Amino acid sequence: MNMSGRDRRRQRTLVAFISSAQRIMEDKGPDRVTIRDVAADAGYNSATLYLYFSDLDQLILYASLKYLSMYNRAVVERLTDCHSDQERLFVTWEVFCEVSDRHPEAFERIFFGAHSQSLTDICEQYYRLFPEERQAPEELALSPIFSSFSLLERNLLVLRPLCSGMDEQRMQVINELMVFGYAGLLHRRIEEKRAGFDGEPLATRFREYLDYLTAELPAE
């Protein structure tokens, strides 16, 4: 379907704002991004930016999605060497923790921020704007996690094969404990970073959570 001239201009403007926000995030960090700086870098005034984004937080969420794409590429490489459902669950989380440990503010904003309830729509629009970051069909086939943007749904998709015969409610509880346990560790990592403290890696501590929560799952 061909886009109108107006739609093409809108798309170029969105790409300009998001790309500018990404550059400023890399240079100064997400906490130093401002509407004025993004608009100036993109060559627009601040009022124009508000025609495309509801607030600064939504803009930074869009800009943060490049780190989710970074995770998707990294986990694809590791999943190709997995040979069991349990290994896939553990590797999925290990890589997720490694990437989010380097960009904790971005992952908190993506999955637990003010606009997380609209994440699916935001991600779909982002990948229309940046199609080069969208995964290839053969990569999508490696894991069911790529079929959803909700962290609870993504994790349940890789957890479910390990829960054969388990009560549905119990499986949902285990899923929530994993996701919200991660959220707590992620928030703590952000606070440590702001305090200048280099704490325990996310992957190390979260592996202890996984070992505990999967200890009584049915054997493969």
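Keep in mind it's a predicted model, so treat the numbers as computed, not measured. Throughout, residue positions are numbered sequentially from 1 according to the sequence presented.
Looking at residues two or more places apart in sequence or on another chain, you find no salt bridge (Lys or Arg N to Asp or Glu O under 4.0 Å) involving D121. Partners of R207 according to the salt bridge (Lys or Arg N to Asp or Glu O under 4.0 Å) rule, which considers only residues two or more places apart in sequence or in another chain, are D211. Listed by chain and number, the residues in a side-chain contact (heavy atoms from CB on, under 4.5 Å) with R6 are S4, R9 (sequence neighbours excluded). Take E124 and apply the side-chain hydrogen bond (donor to acceptor under 3.5 Å, both in side chains) test, not counting sequence neighbours, and it matches no residue. Under the salt bridge (Lys or Arg N to Asp or Glu O under 4.0 Å) criterion, R23 pairs with D41, not counting sequence neighbours. Under the rule for a ring-ring contact (aromatic ring centres under 6.0 Å, His included), the partners of H103 that lie at least two apart in sequence or sit in another chain are Y67. Residues satisfying the ring-ring contact (aromatic ring centres under 6.0 Å, His included) criterion with F206, sequence neighbours excluded, are W93, Y209. Legend: residues meeting ring-ring contact (aromatic ring centres under 6.0 Å, His included) with Y44, ordered by chain and number and at least two apart, are F17. In terms of the salt bridge (Lys or Arg N to Asp or Glu O under 4.0 Å) criterion, R134 has no residue partners (sequence neighbours excluded).
Of the charged side-chain nitrogens involved, none lies within less than 4.0 Å of a carboxylate oxygen, so that D27 and R32 do not count as a salt-bridged pair. Note on D7 versus R10: no salt bridge recorded, every NZ/NE/NH1/NH2 to OD/OE distance being 4.0 Å or above. A salt bridge links E105 with K193; the closest basic N to acidic carboxylate O contact falls under 4.0 Å. By the 4.0 Å N-to-carboxylate-O rule, E87 lies too far from R78 to be salt-bridged with it.
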Q: Could you walk me through whether I174 and L159 pass the side-chain contact (heavy atoms from CB on, under 4.5 Å) test, one step at a time?
A: CA-CA 9 Å; I174 293 173; L159 175 64; 4.0 Å; yes

Q: For side-chain contact (heavy atoms from CB on, under 4.5 Å), just list the numbers for N155 and T92, CA-CA rounded to whole Å, side-chain angles, deciding distance to a tenth of an Å, and then say yes or no.
A: CA-CA 9 Å; N155 190 59; T92 296; 6.0 Å; no

Q | side-chain contact (heavy atoms from CB on, under 4.5 Å) between S19 and F130, worked out | A | CA-CA 10 Å; S19 298; F130 299 91; 3.9 Å; yes

Q) After noting the C-alpha distance and the side-chain angles of L152 and E176, does the key distance pass the side-chain contact (heavy atoms from CB on, under 4.5 Å) rule? A) CA-CA 7 Å; L152 281 167; E176 291 178 8; 4.1 Å; yes

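Rounded to the nearest 0.5 angstrom, L151 CG and M178 CE are separated by 11.5 Å. Atom OG of S84 is separated from atom CG of L162 by 7.5 Å, given to the nearest 0.5 angstrom. Considering CG of L68 and CZ of F149, their distance stands at 7.5 Å, rounded to 0.5 Å. From E191, atom CD reaches atom CZ of F197 across 13.0 Å, with rounding to the nearest 0.5 Å. Rounding to the nearest 0.5 Å places CG of L56 at 4.5 Å from CD1 of I35. Distance CG/L14 to CZ/R128: 10.0 Å, rounded to 0.5 Å.
Under the ring pair (Phe, Tyr, Trp, His ring centres under 6.0 Å) criterion, no residue pair touches residues 19-43, with sequence neighbours excluded. For residues 47-64, the set of pairs meeting the salt bridge (charged side-chain N to carboxylate O under 4.0 Å, His left out) definition, not counting sequence neighbours, comprises D57-R109.
The hydrophobic cluster containing F180 does not contain L157, counting ILVMFWY residues as joined when their side-chain heavy atoms lie under 4.5 angstrom apart, directly or transitively. Cluster annotation: Y52 and L119 are assigned to the same hydrophobic cluster (Ile/Leu/Val/Met/Phe/Trp/Tyr, side-chain heavy-atom contacts under 4.5 Å, transitive).
Judged by distance alone, with hydrogens and angles left aside, the side-chain atoms of D101 form a donor-acceptor pair with the main-chain N or O of L202 at under 3.5 Å. Distance alone, capped at 3.5 Å, is enough to place a donor-acceptor pair between the N175 side chain and the L156 backbone. A donor-acceptor distance shorter than 3.5 angstrom exists from the side chain of T34 to the backbone of D37, with no hydrogens or angles considered. Panel note: side chain Q58, backbone S54; a donor-acceptor pair is recorded below 3.5 Å. Within the 3.5 Å criterion, the main-chain N or O of I110 finds a donor-acceptor partner in the side chain of S116.
You'll find the ring centres of Y182 and F96 inside the 6.0 Å limit.
Counting all heavy atoms, side chain and backbone alike, E153 lies closest to S148 at OE1-OG, 2.7 Å. The shortest non-hydrogen separation linking E98 to A203 is CG-CB, 4.3 Å. Of all heavy-atom pairs between L185 and R205, the closest is CD2-CG, 3.7 Å. Considering all non-hydrogen atoms of both residues, A74 and V95 come closest at CB-CG1, 3.8 Å.
Side-chain contact between S69 and Y127 is present, with at least one heavy-atom pair separated by less than 4.5 Å. Contact of the C163 side chain with the L217 side chain is registered, since non-hydrogen atoms from C-beta on lie closer than 4.5 Å. Contact of the V179 side chain with the F112 side chain is registered, since non-hydrogen atoms from C-beta on lie closer than 4.5 Å. Here the side chains of V75 and E94 are not in contact, with every heavy-atom distance at 4.5 Å or above. A 4.5 Å side-chain heavy-atom check between F107 and V99 finds at least one atom pair inside the cut-off.
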Return all side-chain donor-acceptor pairs below 3.5 angstrom for residues 59-66, not counting sequence neighbours, or 'none' if the list is empty.
| from | atom 1 | to | atom 2 | distance (Å) |
| --- | --- | --- | --- | --- |
| Y62 | OH | Q125 | OE1 | 2.5 |
| S64 | OG | I60 | O | 2.7 |
| K66 | NZ | E26 | OE2 | 3.3 |

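Sparse packing is recorded around CD of E216, with 12 or fewer heavy atoms of other residues, nucleotides or ligands lying under 6.0 Å away.
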